[in-house]
Amino acid sequence: MLAFTALLLPTLLLGCGGHAGGAAGPQAVSVVDVTPRDTPFSYEYVGQTQSSHQVQILARVNGFLDRRVYAEGSMVKAGQTMYLQDPKPFQAKLDAAKAGLEAEQARLQVQRDNLVRVKPLAARNALSQKDLTDAIGAEKEASAAVDAARARVEEAQLNLSYTMITTPVSGASSYSRVQEGQYLDANKAAQLTYVAQLDPIWVNFSISENDLLKIRTEASQGALRLPPKDDFEVQVVLSDGSLFPSKGRITFANADYNQETGTFLLRATLGNPDGVLRPGQFVRVRVSGAVRPNAVLVPQQAVLEGAQGKFVILVDKEQRAQVRPVQVGPWLGQNWFITSGLAKGDMVVTDGMARLTPGAAVKIANTQTTDGSRLAEAPPAEGGSAAAPPRQ
């Protein structure tokens, strides 16, 4: 109906201008009282969620997989065991390394005891200096052998601990890519599964070069006021139109433009304690914080389009209808920013304009300001009813 009216109205306005104020009496209309005001403005982009810390779970030692001990797809906590490899070969190596350490410690004790005996004899020239030097060297060599054996024990203990494959982060687990009894080759770095941290979560989105330049131009001309230090607030709109409860901030801006798409990558970080958002989700990203100073807003249904462009119907001081061409800017909800053509105090018809002609007498049924508050309400005109106020 609105599209039909927009096409038909210019013809009616031009062809029926001589019938203003017919016998039917003034036409009841609803109007909005133009009141310029500083208006918060937000931008929306298509975004995609990403885990803030996604970790591949890999085997660190070669061996057979005993069993998987996590439920696929479940939430896991940092340090939780996810897989168990067969520990027996590694336990045997650890036992052998411990036995080797004990043997080296015994040899070290023998060399130390020998050095204790050699020192006083060499001091009395009962033994040559070479015998003392050899004893000192043997003691140091035995001490180094103990250090090497201790390192082998630590390595064996580490390898044994690696048979318990744990997750370093908390998050949502994926399905298992290996089965029990399968041989795991750590040298091939085969992925067993992965864990994606969900809280916080990242939302990546891109802004085109043209949009970014337009924002900068409007800001430099005073038509747009940006938040201090570009500290924008970010909200996520889900696929069903609902708002995700947590708000976030832009925490990353890429160093350069994407040469293929001509867009600039941005990333917002939001709290996601309940794991509602999952990696890979497509969402709408609403970036708020900018303000349009002294902006003029009118409801969408008040802006019509004819052969000469967009226009609105005004009610002048004599309570008659007049046509006013306007220039429009972006949308804000159900309203349209008017960049030129309207001034403070103009009364723009929002309902009841379908049968109006230039100069036709009108009767204002109700009035609203551009912020949606009702200023006055008149009783219904005779023979009709007052139109409902426009939705803001």
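Just so you know, these numbers use all the heavy atoms, side chains as well, and skip hydrogens, waters and symmetry mates. Just so it is clear, the structure is predicted and the values come from calculations on it, not from any experiment.
- Between Asp134 and Lys130, at least one side-chain nitrogen of the basic residue sits less than 4.0 Å from a carboxylate oxygen of the acidic one, meeting the salt-bridge criterion.
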Exercise. Does the side-chain contact (heavy atoms from CB on, under 4.5 Å) test come out yes or no for Phe90 and Val61, once each step is laid out?
Worked result: CA-CA 10 Å; Phe90 302 94; Val61 291; 3.7 Å; yes
Problem set entry | Stepwise side-chain contact (heavy atoms from CB on, under 4.5 Å) check, Arg117 with Asp113 | CA-CA 7 Å; Arg117 290 192 298 269; Asp113 293 342; 4.0 Å; yes
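- When atom types are taken as modelled, the side chain of Ser143 and the backbone of Lys140 share no donor-acceptor pair closer than 3.5 angstrom.
- Once rounded to the nearest 0.5 Å, the distance linking CG of Leu108 with CG of Leu101 reads 10.5 Å.
- Other residues, nucleotides and ligands contribute at most 12 non-hydrogen atoms within 6.0 Å of the CD atom of Glu141.
- Contact detail for Ala253 and Leu266: the closest heavy-atom pair is CB-CD2, 3.5 Å.
- Under the 3.5 Å distance criterion, the side-chain polar atoms of Thr339 are matched with a main-chain donor or acceptor of Gln327.
- Using a distance-only test at 3.5 Å, with no hydrogens or angles considered, a donor-acceptor pair links the side chain of Gln197 to the main chain of Asp199.
- Residues meeting the salt bridge (charged side-chain N to carboxylate O under 4.0 Å, His left out) test with Glu180, sequence neighbours left out: none.
- The existence of a salt bridge linking Lys88 and Asp86 is confirmed by a sub-4.0 Å separation between a basic side-chain nitrogen and an acidic carboxylate oxygen.
- A cation-pi arrangement is absent between Arg286 and Tyr43 under the rule of less than 6.0 angstrom and at most 45 degrees off the ring axis.
- Taking the side chain as every heavy atom from C-beta outward, Ile165 and Leu84 never approach each other to under 4.5 Å.
- Contact record, Gly341 with Arg324: O-NH1, 2.8 Å, taken as the closest heavy-atom pair.
- Hydrophobic clustering keeps Phe252 apart from Tyr257 (ILVMFWY residues linked when any side-chain heavy atoms are closer than 4.5 Å, directly or through intermediates).
- Relative orientation of the Phe337 and Phe41 rings is perpendicular, given thresholds of 30° and 60° on the angle between their planes.
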For this session: Apply side chain to side chain donor-acceptor pair (under 3.5 Å) to Gln56 and Gln191, showing your working.
Result: CA-CA 6 Å; Gln56 294 185 356; Gln191 181 178 337; 3.3 Å; yes
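- Salt bridge present: Glu218 and Arg292 bring a charged side-chain N and a carboxylate O closer than 4.0 Å.
- The pair Arg225-Asp38 meets the salt-bridge criterion, with a side-chain N (NZ, NE, NH1 or NH2) lying under 4.0 Å from an Asp/Glu carboxylate O.
- Put simply, CD on Gln27 and CD1 on Ile364 are 12.5 Å apart, with the number rounded to the nearest 0.5 Å.
- In this structure, the side chains of Trp336 and Leu297 stay at 4.5 Å or more apart for every pair of heavy atoms.
- Looking only at atom types and distance, the side chain of Tyr70 has no donor-acceptor partner in the side chain of Thr167 under 3.5 Å away.
- Placement of Trp202 and Val195 in two distinct hydrophobic clusters is found when ILVMFWY residues are connected by side-chain heavy-atom separations under 4.5 Å, directly or transitively.
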Exercise. Stepwise, does the side-chain contact (heavy atoms from CB on, under 4.5 Å) test hold for Val118 with Ile136?
Worked result: CA-CA 9 Å; Val118 169; Ile136 293 174; over 6 Å; no
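- In this structure, the side chains of Leu226 and Ile215 come closer than 4.5 Å at one or more pairs of heavy atoms.
- Taking OH of Tyr83 as the start and CG of Leu65 as the end, the distance is 7.5 Å to the nearest 0.5 Å.
- No donor-acceptor pair under 3.5 Å is formed between the side chain of Ser30 and the backbone N or O of Asn366.
- Side-chain contact between Val203 and Val236: present, with at least one pair of heavy atoms (C-beta onward) separated by less than 4.5 Å.
- A donor-acceptor pair under 3.5 Å is absent between the side-chain atoms of Thr49 and the main chain of Leu277, judged by distance alone.
- One side chain, Asp240 or Ser242, offers a donor N or O that lies under 3.5 Å from an acceptor on the other.
- In terms of heavy-atom proximity, Ala186 sits nearest to Ala59 at CB-O, 3.5 Å.
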Exercise. Going through the checks in order, is the salt bridge (charged side-chain N to carboxylate O under 4.0 Å, His left out) test met by Arg150 and Asp147?
Worked result: CA-CA 5 Å; Arg150 185 176 290 112; Asp147 291 340; 3.3 Å; yes
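- Rounded to the nearest 0.5 angstrom, Gln300 CD and Leu332 CG are separated by 13.0 Å.
- Using a 4.5 Å cut-off between side-chain heavy atoms of Ile, Leu, Val, Met, Phe, Trp and Tyr, with links allowed through other members, Val328 and Val348 fall into the same hydrophobic cluster.
- If you check the side chains of Gln48 and Asn204, you find no donor sitting under 3.5 Å from an acceptor.
- Judged by distance alone, the side chains of Gln85 and Asp66 never bring a donor and an acceptor atom under 3.5 Å apart.
- Rounded to the nearest 0.5 Å, atoms CG (Asp346) and CG (Asp33) are 8.5 Å apart.
- A side-chain donor-acceptor contact under 3.5 Å links Thr193 to the backbone of Ser174.
- With a 4.5 Å cut-off on side-chain heavy atoms, Val303 and Ile338 count as touching.
- Here the rule is side-chain contact (heavy atoms from CB on, under 4.5 Å) with Ser173, and of Glu72, Met82, Gln80, Met75 only Met82 fits it.
- Val312 is not listed as a side-chain neighbour of Leu304, based on a closest heavy-atom distance of 4.5 Å or more.
- Between Ala295 and Thr39, the shortest heavy-atom contact is CB-OG1, 3.6 Å.
- Counting heavy atoms from C-beta outward, Lys247 and Leu270 have side chains that stay 4.5 Å or more apart.
- Salt bridge present: Glu104 and Arg107 bring a charged side-chain N and a carboxylate O closer than 4.0 Å.
- Between the side chain of Gln109 and the backbone N or O of Ala106 there is no donor-acceptor pair closer than 3.5 Å.
- Residue Arg249 holds its CZ atom at 11.5 Å from OG1 of Thr251, rounded to the nearest 0.5 Å.
- Under the 4.5 Å side-chain heavy-atom criterion for Ile, Leu, Val, Met, Phe, Trp and Tyr, Val234 and Leu212 are members of the same hydrophobic cluster.
- Pairing each heavy atom of Pro293 with each of Gly222, the nearest pair is CG-O, 3.7 Å.
- Linking ILVMFWY side-chain heavy atoms closer than 4.5 Å, directly or via other members, places Val69 and Val76 in two distinct hydrophobic clusters.
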For this session: Apply side-chain contact (heavy atoms from CB on, under 4.5 Å) to the pair Asn258 and Leu265, showing each step before the final yes or no.
Result: CA-CA 8 Å; Asn258 186 309; Leu265 177 66; over 6 Å; no
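- The shortest non-hydrogen separation linking Ser52 to Pro200 is OG-O, 2.6 Å.
- Between Leu314 and Leu342, some side-chain heavy-atom pair lies under the 4.5 Å cut-off.
- For the pair Ser246 (side chain) and Gly271 (backbone), a donor-acceptor distance under 3.5 Å is present.
- For the pair Asn272 (side chain) and Val276 (backbone), a donor-acceptor distance under 3.5 Å is present.
- Remark: Tyr162 engages Arg60 in a side chain to side chain donor-acceptor pair (under 3.5 Å) (not counting sequence neighbours).
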